[in-house]
Amino acid sequence: MPEIPLQIPPVAMPEVIPSELPQQKFHLGEWVRWFQVPNGDYGRVIGVIYTQQASCIATGLHYLVLLDKRSPSREICTCDFAFEDDIESLEKSSLERLRGNYV
């Protein structure tokens, strides 16, 4: 597999930053997966930002996810932003299944 340079997807800063940010659902280092798409990607949360838009227009917390080496999109990108409603925590047994029983 070719080496992919680490690039962070673009973000937009909100025009007005709220006085209180929403409570974080996912935490740094946590394994997550995109569950609303077939063959969803998976990886570890490596960052959290508050923004008013990303790849889709959505205000709120977005999680920067470092894709696992076996994740379907890893050949074209190393990390991606996920809106909180698009991902879920990944149990260890599910992670082992996705990674071919190798953790």
Side-chain angles (χ1 to χ4, degrees):
M1 181 165 47
E3 189 64 32
I4 302 168
L6 184 61
Q7 296 178 343
I8 297 176
V11 296
M13 293 299 294
E15 290 180 23
V16 177
I17 298 176
S19 59
E20 288 187 37
L21 295 176
Q23 183 67 31
Q24 230 177 276
K25 183 175 179 182
F26 304 102
H27 302 283
L28 295 179
E30 187 172 347
W31 285 94
V32 295
R33 74 177 188 99
W34 278 259
F35 67 91
Q36 296 186 8
V37 294
N39 300 320
D41 283 304
Y42 62 97
R44 292 185 110 164
V45 175
I46 60 170
V48 183
I49 63 166
Y50 180 86
T51 186
Q52 80 184 33
Q53 66 183 6
S55 59
C56 60
I57 298 174
T59 297
L61 294 176
H62 290 74
Y63 298 85
L64 182 59
V65 179
L66 176 63
L67 299 181
D68 185 84
K69 291 179 182 178
R70 293 186 177 99
S71 190
S73 298
R74 180 61 188 251
E75 288 190 23
I76 58 172
C77 65
T78 55
C79 57
D80 196 3
F81 278 109
F83 190 60
E84 194 166 75
D85 292 340
D86 294 334
I87 57 175
E88 66 183 2
S89 292
L90 194 54
E91 301 287 330
K92 185 174 180 177
S93 60
S94 297
L95 176 61
E96 289 172 349
R97 189 173 61 253
L98 288 169
R99 297 182 84 198
N101 294 322
Y102 176 78
V103 177

Measuring from atom CD of E91 to atom CD of E96, what distance do you get when rounded to the nearest 0.5 angstrom? 11.0 Å
Can you name the one residue among H62, Q36, R33 that meets side-chain contact (heavy atoms from CB on, under 4.5 Å) with D86? Q36
What verdict does the side chain to side chain contact (heavy atoms under 4.5 Å, CB included) test give for S73 and D80, after you've listed the backbone C-alpha separation in whole Å, the side-chain angles of each residue and the deciding distance to 0.1 Å? CA-CA 10 Å; S73 298; D80 196 3; over 6 Å; no
In Å and rounded to the nearest 0.5 Å, what is the CZ to CG distance from R74 to L66? 5.5 Å
Test: side chain to side chain donor-acceptor pair (under 3.5 Å). Region: residues 16-26. Which pairs qualify, not counting sequence neighbours? none
The single option from L95, V45, L98 that satisfies side-chain contact (heavy atoms from CB on, under 4.5 Å) with W31 is L95
Count I, L, V, M, F, W, Y as connected when their side-chain heavy atoms are under 4.5 Å apart, and connections chain through other members. Are I49 and L64 then in the same cluster? yes
Rounded to the nearest 0.5 Å, how far apart are CD1 of I87 and OH of Y63? 6.5 Å
All heavy atoms of F83 vs all of G60, minimum pair found to be CE1-CA, 4.3 Å
Can you list everything that forms a ring-ring contact (aromatic ring centres under 6.0 Å, His included) with Y42? Sequence neighbours excluded, please. none
Point-to-point distance, once rounded to the nearest 0.5 Å, from OG of S71 to CZ of R99: 10.5 Å
At their closest point, which heavy atom of V65 faces which heavy atom of W34, and how far apart are they? CB-CH2, 3.7 Å
Here the gap from E75 atom CD to L67 atom CG, rounded to the nearest 0.5 Å, amounts to 12.0 Å
